[in-house]
Q: 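Attaching a single structure in structure tokens format; questions to follow.
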Amino acid sequence: MELQTLNDKQKLAVLNTDGPMLVLAGAGSGKTKVLTTKVSYLVEEKGIDPYNVLAITFTNKAAKEMKERILKMLGPIAYKIQISTFHSLGLLIVRENYDKLGFDKNFTILDSDDSLTIVKKILKDMNLDPKHYNPRMIRNKISSSKNELIDSEKYSRYVNSEFEEIILKVFEKYENKLKNSNSLDFDDLLCLPITLFNKYPEVLMEYQERFKYILVDEYQDTNEAQYILIKMLSAKYKNICVVGDIDQSIYGFRGANYRNILNFEKDYPNTLVVLMEENYRSTSNILNVANDIIKNNKQRKEKNLWTNNGDGTKIKYHRAYDEKDEADYVVSQISSLIKNGAEKSEIAVLYRTNAQSRNMEEAFLKANIPYKVVGSFYFYNRKEIKDLISYLKLIYNKKDDNSLMRIINVPKRKIGAKTLEKLGETAAIYNISLYEAISSGPELKFKELIEEITALSEDLSLTELVDLILDKSGMKAELESEKTLEAEVRLENLEEFKSITKNFEENSGIISLEEFLLEISLVSDIEEHRNNTDVVTLMTVHSAKGLEFKHVYIIGLEEGIFPHTNSFNNGEDIEEERRLCYVAVTRAKESLTLLNARRRMLYGNTNANPPSRFIEEIDDKYLDKDFVKNEEEVKESFHKKEMIDESAEYLVGDKIIHDSYGKGVIVGINKMILTVAFAHPIGIKKLIKGHKSIRKV
């Protein structure tokens, strides 16, 4: 046993085995160690049959780690303990009682893609247009309802619109389809055991006798179905130990209910509450910052992290000029760390939204520092970005078969594999491109769309062209109609692409599609260090939960970004944003740097956001501010960075000199765009009006 290595609070949590117990385990306080030691103690010291112990966690990875640790402690007897995720436990119960639930023994489990396919088929059978009734959104609505223990019959009570009426009909047909095909989905693995226990109390009693000792990790992340399932199983013996931290409850968007941990003492009178506040991960200064931020939340249990690790360095707070300066600053600091011997794998850059990674990625590529993006694809490798670039490439070069093949069905246009095969044959016979081979059918509509966008793009800037493509193609509308977190992230990425076009226009004054495509191909084609483990990590805060790094940089700490603008109208959402910030801060072991920018271009718009309220909540004595002394330099730098003189006036026929192209004559003016004729071989170029690279002769 490892009891001698535990502190007093950890030991109390392990040794108290009977009755309900709530372990409020702060970040870095050793909760996994407590859970594994407690399971081992129950079997080895208390003589509890391993068959009577149930340990539940949230992810397969966490369950696997727990199994491995307990196996080391107990040996092969550990295999008899039910250590699993909620879904694995549900599957066990359904397998053992499939007949009572009305299934045959050979039932199948559908994944989320299978569920989506069924919803699409139902909509098709009902002659409903998937553009108006988004299949993914309907599938998600059914899923979230089931996790709230709402079946189609209960859902019918809440219907008060035509759209909800459609969802109800799909829901009913979906349930019938699963039943008739002897199938269940992932949500059923949580719901069906509850249905079983309500219908057959004697079956519930069998499982209560079996699982006399129940331990649940990350209790703050439980949804309604998981909460009820555990409550039913533990009702007889009440030997239930839940471990969690309300301050790290950050999955409200997935249905997690932080109130479950707040109400635990009401659900289980005579609960022993153990506060684990000693942190083994971070320095005192980092923990003081975390405590200062989180104490502003009302919905929490009072808890203050502390450590014997020493004060450590103060937390650096840097205000950058803009998002590029922010990225350059982070990379320069990281370069110094690496030169001084820091391992790249011990460094992380955290941000609130995926779209913020793009500037960081470019800065790392330029500095030749290997990195990896966790929880998302590299910006230029994301599907939606590749699709958008393919539209740009096809508009520029109609013979680009590769780009055409990629986007002819984005969004879906009912152009099948046989049609594409025939097009390929025609193109081969006549030695022409696929685009030229199009002459009829839905593919002709696609060709007409490309022709229309090409014609309309004549007097547009690159940023306006991107907007036109997103609207005309239907890409934007399709993602907006999905109403899912994944679709929201993809929309953010497409909007962020406009920051790239705007920066290109502002820094070069050029709006040539040709030069832009060449420019981005240089960035997106750089070899990325995916397999190297000694790399700096870039990730969203949601992806960082459960991880730790010696050196952490949190970027974009501005109102509207972190906290996110979507949270402004709801006090509960702001509290979740604050918990997210707390999670970000407590990932750091030795050094922490907080950053924001005076102005930031995001999603193609430049805004001057005030600093995040979370920074305002930190006591100044813990911060090392490195921007107060150079306020005047900042103002000066802003003037130096201004690239466009909006007051500049031009007339058709005016002669100008361009820094790169030399002398030219203005032959057209449209809004902020000049069409300029330069000498051969440069020819006609479109330039931004008033750009610093242009001077009138």
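Scope of the values below: all heavy atoms of this structure, side chains included, with no hydrogens, waters or symmetry mates. Not measured: the values here are computed from a predicted model.
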Q: Evaluate the side-chain proximity of M276 to L24: yes if any heavy-atom separation is below 4.5 Å, no if none is.
A: no
Q: Going by an N to O cut-off under 4.0 Å, is there a salt bridge joining E175 and K146?
A: no
Q: Tell me if a side-chain donor or acceptor on N223 pairs with a main-chain N or O of A256 at a distance below 3.5 Å.
A: no
Q: Run the side chain to side chain donor-acceptor pair (under 3.5 Å) test on N106 and N182 for me, step by step, so that the C-alpha distance in whole Å, both residues' side-chain angles and the decisive distance to 0.1 Å come before the verdict.
A: CA-CA 8 Å; N106 63 338; N182 193 37; 3.1 Å; yes
Q: Considering only NZ, NE, NH1 and NH2 on the basic side and carboxylate oxygens on the acidic side, decide whether E68 and K64 come within less than 4.0 Å.
A: yes
Q: How about Y207 and F197: are their ring centroids closer than 6.0 Å?
A: yes
Q: Verify side chain to side chain contact (heavy atoms under 4.5 Å, CB included) between F211 and L89, making sure each step is shown before the conclusion.
A: CA-CA 11 Å; F211 299 126; L89 172 66; 4.0 Å; yes
Q: For side chain to side chain contact (heavy atoms under 4.5 Å, CB included), just list the numbers for I286 and V289, CA-CA rounded to whole Å, side-chain angles, deciding distance to a tenth of an Å, and then say yes or no.
A: CA-CA 5 Å; I286 291 168; V289 164; 5.9 Å; no
Q: Side chains of V94 and L184: does their closest heavy-atom pair fall under 4.5 Å?
A: yes
Q: Check step by step if side chain to side chain donor-acceptor pair (under 3.5 Å) holds for T37 and S40.
A: CA-CA 5 Å; T37 309; S40 178; over 6 Å; no
Q: Where does the angle between the aromatic ring planes of F186 and H87 fall among parallel (under 30°), tilted (30 to 60°) and perpendicular (over 60°)?
A: tilted
Q: Under 4.0 Å between a Lys/Arg side-chain N and an Asp/Glu carboxylate O for E265 and K301?
A: yes
Q: Any cation-pi pair here, K46 with Y213, using under 6.0 Å and within 45°?
A: no
Q: Please test D185 against Y174 for side chain to side chain donor-acceptor pair (under 3.5 Å), starting from the C-alpha separation and ending with a verdict.
A: CA-CA 11 Å; D185 62 20; Y174 179 83; 2.7 Å; yes
Q: In Å, rounded to the nearest 0.5 Å, how long is the span from NZ of K212 to CG of L54?
A: 14.0 Å
Q: Exactly one of L189, L91, T222 should register a side chain to side chain contact (heavy atoms under 4.5 Å, CB included) with F86. Which one does?
A: T222
Q: Between R281 and E548, is the closest basic N to carboxylate O distance under 4.0 Å?
A: yes
Q: So, do R579 and R300 sit near enough that their side-chain heavy atoms are less than 4.5 Å apart?
A: no
Q: Out of L42, V242, I240, which residue meets the side chain to side chain contact (heavy atoms under 4.5 Å, CB included) rule with L215?
A: L42
Q: With a 4.0 Å cut-off on N to O distance, would you call E617 and K295 a salt bridge?
A: no
Q: Quick one about Q220 and E218 (side-chain donor to acceptor, distance below 3.5 Å, no hydrogens or angles considered), yes or no?
A: yes
Q: Checking side-chain polar atoms at under 3.5 Å, does Y219 have a donor or acceptor matched by the opposite partner on Q226?
A: no
Q: So do F171 and I138 actually touch side chain to side chain, heavy atoms under 4.5 Å?
A: no
Q: Is there a donor-acceptor pair under 3.5 Å between the side chain of N7 and the backbone N or O of Q10?
A: yes
Q: Under a 4.0 Å N-O cut-off, is there an ion pair linking E209 with K236?
A: yes
Q: Should the pair F562 and F614 be assigned to parallel (<30°), tilted (30 to 60°) or perpendicular (>60°) ring geometry?
A: perpendicular
Q: Tell me whether the count of non-hydrogen atoms from other residues, nucleotides or ligands lying under 6.0 Å of CG in N180 goes above 12.
A: yes
Q: Salt bridge check, K303 against D245: does any charged N sit closer than 4.0 Å to a carboxylate O?
A: yes
Q: Among I250, N263, D221, I246, whose side chain to side chain contact (heavy atoms under 4.5 Å, CB included) with Y258 holds?
A: I246
Q: Is S29 close to E278 at the side-chain level, that is, under 4.5 Å between some pair of heavy atoms?
A: no
Q: Whether E577 and R352 form a salt bridge (side-chain N of Lys/Arg under 4.0 Å from carboxylate O of Asp/Glu) is what I want to check.
A: yes
Q: On a heavy-atom basis, which atom in A63 and which in I83 lie closest, and how many Å separate them?
A: O-CG2, 3.9 Å
Q: Rounded to the nearest 0.5 Å, what separates atom CZ in F107 from atom CZ in R95?
A: 6.0 Å
Q: Would you name the heavy atoms of N279 and A27 that are closest together and state the gap between them?
A: ND2-O, 2.5 Å
Q: Between the side chains of D311 and N285, is a donor N or O closer than 3.5 angstrom to an acceptor N or O?
A: no
Q: Could you check whether any side-chain N or O of E575 sits under 3.5 Å from a backbone N or O of K298, counting only pairs where one atom can act as donor and the other as acceptor?
A: yes
Q: With side chain to side chain donor-acceptor pair (under 3.5 Å) as the test, pick out the partner of D187 among S115, S143, S144.
A: S143
Q: Do K33 and K38 have side chains that get closer than 4.5 Å, going by heavy atoms?
A: no
Q: Going by heavy atoms in the side chains, are V535 and S345 under 4.5 Å from each other?
A: no
Q: Report the C-alpha separation of T540 and T353 in whole Å, then their side-chain angles, then the decisive distance to 0.1 Å, and conclude whether the side chain to side chain contact (heavy atoms under 4.5 Å, CB included) test is met.
A: CA-CA 6 Å; T540 63; T353 63; over 6 Å; no
Q: Would you call R587 and I554 a side-chain contact if the rule is heavy atoms closer than 4.5 Å?
A: no
Q: Answer with yes or no whether the side chains of N297 and D247 bring together a donor and an acceptor at under 3.5 Å.
A: no
Q: Short question: side chain of S234, backbone of I230 - any donor-acceptor pair under 3.5 Å?
A: yes
